[in-house]
Structures are given as C-alpha cells and as structure tokens.
Amino acid sequence: MRRGFWFAAGAGAGVYAMNRARRLRESLTIEGLRDRGRALALGARLAREEAEQGRTEKETELRERMGLAPLPAHRELTAPDRPATAPSDPAALSAATTPTIRTTRQRGSH
C-alpha cells in the first residue's frame, strides 16, 4: 500500500514538473514574451480607464452635492485653426514656417 502511494505521488509530481517546464519554455519564446507584453499593456490601459471613470463619477457626485455646474462634455482635440491665406510679408511667412532651434553653449568649449 505504501509503495503504491509513493509511486503515484512521484508520478504526479513528475507530470506536474514537466507541464510547468513546458509552460516556462513556451513563455520565454518571442511569441510568449510578446503576449506577456500585450497583456501587461492591456491591463495598464484597463486600470487607467477604470481609474479615470471612477474619478469622473466621483467628481460628478461631488459637483451635484456642492451645487456646482456639471462637467462639460469631453471634446476631441483638433488641430488649431490656420488662416486660409498665407501672410503677404515674406519675413512673417519665414517665421511661421521655420522651426526655432535652440542651442546651448557648453562650458569650457572656448
């Protein structure tokens, strides 16, 4: 009776160890690491969205209790309106289209 028990326990432990090793090997492949990264990104996004939703709900509740105006509806960000015509002054056109480049002087480079 005892030998049969220990044989079954050893066989079960061996099968369990082999399955764990196979899963570990599969998770360390490129596809496995990519899946883990995607799952982590998804979890972070869901947590951020849930926290934002909770914050919005709590702010709405507090605004109602305090008698303040309701929150404005969310608007999508768009590009700023640009004039339909280009400026006629060449200097203004150059200033509007040329990016500003900032340079810093390094100490001791004289």
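We use all heavy atoms of the structure for the numbers below, so side chains are in, but hydrogens, waters and symmetry mates are not.
- Looking at every heavy atom in both residues, Leu28 comes nearest to Leu33 through O-CD1, 4.1 Å.
- One finds a salt bridge joining Arg55 and Glu59 here, because a Lys/Arg side-chain nitrogen approaches an Asp/Glu carboxylate oxygen to under 4.0 Å.
- When each of Glu49, Glu50, Arg48 is paired with Leu46, the side chain to side chain contact (heavy atoms under 4.5 Å, CB included) condition holds for Glu49 and for no other.
- Inter-residue side-chain proximity for Arg22 and Met18 is flagged as unmet; no heavy-atom pair is nearer than 4.5 Å.
- A 6.0 Å sphere centred on CD1 of Ile30 holds no more than 12 heavy atoms belonging to other residues, nucleotides or ligands.
- Interatomic distance, Arg38 CZ to Arg45 CZ, rounded to the nearest 0.5 Å: 13.0 Å.
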Residues Glu57, Gln53; criterion side chain to side chain donor-acceptor pair (under 3.5 Å); working and verdict
CA-CA 6 Å; Glu57 288 174 0; Gln53 181 182 5; 3.3 Å; yes
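- Rounding to the nearest 0.5 angstrom, the gap separating the CG atom in Asp35 from the OG1 atom in Thr29 is 8.0 Å.
- Minimum heavy-atom separation, Arg36 to Ser27: NH2-CB, 3.4 Å.
- Summarising the geometry, atom CD belonging to Glu26 is positioned 9.0 Å from atom CZ belonging to Arg23; distances are rounded to the nearest 0.5 Å.
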